Structures are given as C-alpha cells and as structure tokens.
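The next block holds one structure in the form of structure tokens; read it before the comments.
Both backbone and side-chain heavy atoms feed into the values below; hydrogens, waters and symmetry mates do not. In this text, all values refer to a predicted model and were calculated from it rather than measured experimentally.
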Amino acid sequence: MDLPGVFTFPEAKQWTYAGTALLALGSQAHVNRAIEASSRAIARYESAPQQEQSSGDLLAARLDLANAHLAHGDLDGVQEKLSVVLDAAPDRRTASISSRLRALSTRLAEPAYAGSPIVLSLRENVREACSRPALTNPPELPQ
C-alpha cells in the first residue's frame with residue numbers, strides 16, 4: 001500500500017520537516033534533536049544528485065540550525081548557519097524562507113540580545129536580505 005503525502009517525501013525532506021517540527025516544540029532536548037535532524041537533512045541533500053536537491057529545504061534546514069544555535073545562546077553558530085542563507089542567490093529564497101528570516105530577526109530583537117554587536121550585524125543583514133523580493137513560486141522546470 002502506497003501512503004500519500006509526506007510519507008512519499010524523499011528522506012532528506014523528511015529530515016527537514018522533522019527538524020522544523022522538533023524546533024517548534026522548544027525544549028532543550030527537542031532543540032538538540034532538531035539540530036541532529038536538520039544536520040541530517042543537509043547532509044542528505046548535499047550528497048544527492050543535483051536534480052534531487054531542494055534549495056528551499058536546504059535553506060530551511062540551515063535556518064532551523066541557526067534558530068537552534070540561538071536557543072543555545074551560541075551567536076557564533078547562528079552567524080555561521082545564517083551566513084549561508086544570506087549568501088544564497090535571491091532567486092533561491094522563497095516567500096517561506098523570507099518569512100523564516102523575518103521570524104529569526106524578531107527573535108534576535110529580544111532584550112536578551114540587546115547591545116550584542118554580532119546580533120546587531122545579523123539583524124541588519126537579515127533586514128537587507130528581506131528587503132530584496134523573494135521568489136513567490138519556484139521557477140518552471142524545463143519540459
């Protein structure tokens with residue numbers, strides 16, 4: 001019996017979704033598991049043939065890792081993971097990625113990070129990236 005929907009997603013995409021879901025649960029144990037899941041997603045996509053890679057899922061997994069590092073208070077880790085997303089070509093950023101970037105920027109604006117030069121730089125870089133139009137629909141695949 002073939003199961004529909006998310007059950008037919010490639011393994012890498014399943015790990016991406018798992019990382020996002022675990023991160024949303026919020027406890028430190030779930031954040032640690034989210035790091036593992038997102039890291040697996042990235043590894044699976046990066047080792048897959050080019051036509052099986054999803055740039056949106058790769059960016060989402062990296063943003064999940066940035067958020068996980070933020071949950072651990074690791075600003076250098078946030079900067080490292082976020083830099084890959086911010087360096088991605090604008091045509092790789094979907095509306096979903098832009099929305100996730102804005103949510104991360106909101107978290108970086110929390111009082112706990114006030115005055116941090118790294119956070120100020122990250123917020124400015126995110127603001128600049130979000131000011132560029134995001135891709136609303138993936139480009140059509142050649143026939």
Side-chain angles (χ1 to χ4, degrees), residues 1-139 141:
M1 175 176 156
D2 289 332
L3 298 173
V6 296
F7 297 106
T8 61
F9 285 170
E11 183 181 358
K13 186 178 211 68
Q14 291 176 34
W15 282 115
T16 301
Y17 278 44
T20 300
L22 287 162
L23 193 58
L25 293 173
S27 74
Q28 287 300 312
H30 288 112
V31 169
N32 291 337
R33 291 179 59 205
I35 290 171
E36 182 181 328
S38 297
S39 297
R40 284 186 182 189
I42 292 166
R44 298 286 190 292
Y45 272 125
E46 288 181 340
S47 67
Q50 184 70 29
Q51 68 272 17
E52 293 177 22
Q53 293 184 11
S54 167
S55 62
D57 286 342
L58 272 165
L59 294 177
R62 290 187 194 285
L63 278 168
D64 285 344
L65 283 175
N67 276 295
H69 284 285
L70 186 59
H72 284 308
D74 176 12
L75 297 179
D76 290 331
V78 175
Q79 187 173 32
E80 177 189 335
K81 300 307 177 191
L82 188 55
S83 69
V84 176
V85 177
L86 296 175
D87 290 343
D91 65 344
R92 291 185 57 206
R93 278 188 302 104
T94 62
S96 172
I97 295 302
S98 292
S99 175
R100 287 171 178 247
L101 278 168
R102 285 189 297 278
L104 177 59
S105 181
T106 298
R107 290 191 62 212
L108 289 168
E110 293 174 358
Y113 308 111
S116 166
I118 291 175
V119 170
L120 291 173
S121 175
L122 289 173
R123 289 191 66 220
E124 180 57 34
N125 292 338
V126 169
R127 188 178 358 265
E128 182 182 318
C130 288
S131 71
R132 291 178 247 138
L135 185 65
T136 55
N137 293 309
L141 294 175

Side-chain polar contacts of residues 28-37 - donor-acceptor pairs under 3.5 angstrom, sequence neighbours left out - could you list them?
unit_1: Q28; atom_1: OE1; unit_2: H72; atom_2: ND1; d: 2.9
unit_1: H30; atom_1: ND1; unit_2: S27; atom_2: OG; d: 2.7
unit_1: N32; atom_1: OD1; unit_2: H72; atom_2: NE2; d: 2.8
unit_1: N32; atom_1: ND2; unit_2: Q28; atom_2: O; d: 3.3
unit_1: E36; atom_1: OE2; unit_2: R40; atom_2: NH2; d: 3.1

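- Of the possible polar contacts, one joining the S131 side chain to the E128 backbone as a donor-acceptor pair under 3.5 Å is found.
- Taken from CG in L59 to CG in L101, the straight-line distance is 8.5 Å, to the nearest 0.5 Å.
- Residues A41 and A61 approach most closely at CB-CB, 4.3 Å, considering heavy atoms.
- Qualifying salt bridge (Lys or Arg N to Asp or Glu O under 4.0 Å) partners for E80, counting only residues two or more places apart in sequence or in other chains: none.
- What you find for L70 and V78 is that their closest heavy atoms are N-CG2, 3.3 Å.
- Heavy-atom minimum distance, R93 versus S98: NH1-OG, 3.0 Å.
- Listed here is the closest heavy atom pair of S105 and V126: CB-CG1, 3.7 Å.
- The side chain to side chain contact (heavy atoms under 4.5 Å, CB included) check on E46 picks up I42, L58, R62, with sequence neighbours excluded.
- Atoms CD1 and OG, from I97 and S55 in turn, are 8.5 Å apart once rounded to the nearest 0.5 Å.
- Salt-bridge formation is not detected for the pair K81/D64: no Lys NZ or Arg NE/NH1/NH2 atom is positioned less than 4.0 Å from an Asp or Glu carboxylate oxygen.
- R92 CZ to D87 CG: the interatomic distance, rounded to the nearest 0.5 Å, is 10.5 Å.
- By the side chain to side chain contact (heavy atoms under 4.5 Å, CB included) test, E11 pairs with W15, R44, sequence neighbours left out.
- Among residues two or more places apart in sequence or in another chain, the side chain to side chain contact (heavy atoms under 4.5 Å, CB included) test is passed with E110 by R107, Y113.
- Separation of atoms CG (L122) and OG (S116) is listed at 7.5 Å; rounding is to 0.5 Å.
- Shown here are the salt bridge (Lys or Arg N to Asp or Glu O under 4.0 Å) partners of K13, two or more places apart in sequence or in another chain: D57.
- Side-chain atoms of Q53 come within 3.5 Å of backbone atoms of A48 as a donor-acceptor pair (strictly under, hydrogens ignored).
- With sequence neighbours left out, the side chain to side chain contact (heavy atoms under 4.5 Å, CB included) criterion links S99 to R102.
- Applying the salt bridge (Lys or Arg N to Asp or Glu O under 4.0 Å) criterion to E52, with sequence neighbours excluded, gives no partner residue.
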task: Might you work through the side chain to side chain contact (heavy atoms under 4.5 Å, CB included) test for T16 and Y45, ending with a clear yes or no?
output: CA-CA 10 Å; T16 301; Y45 272 125; 3.7 Å; yes
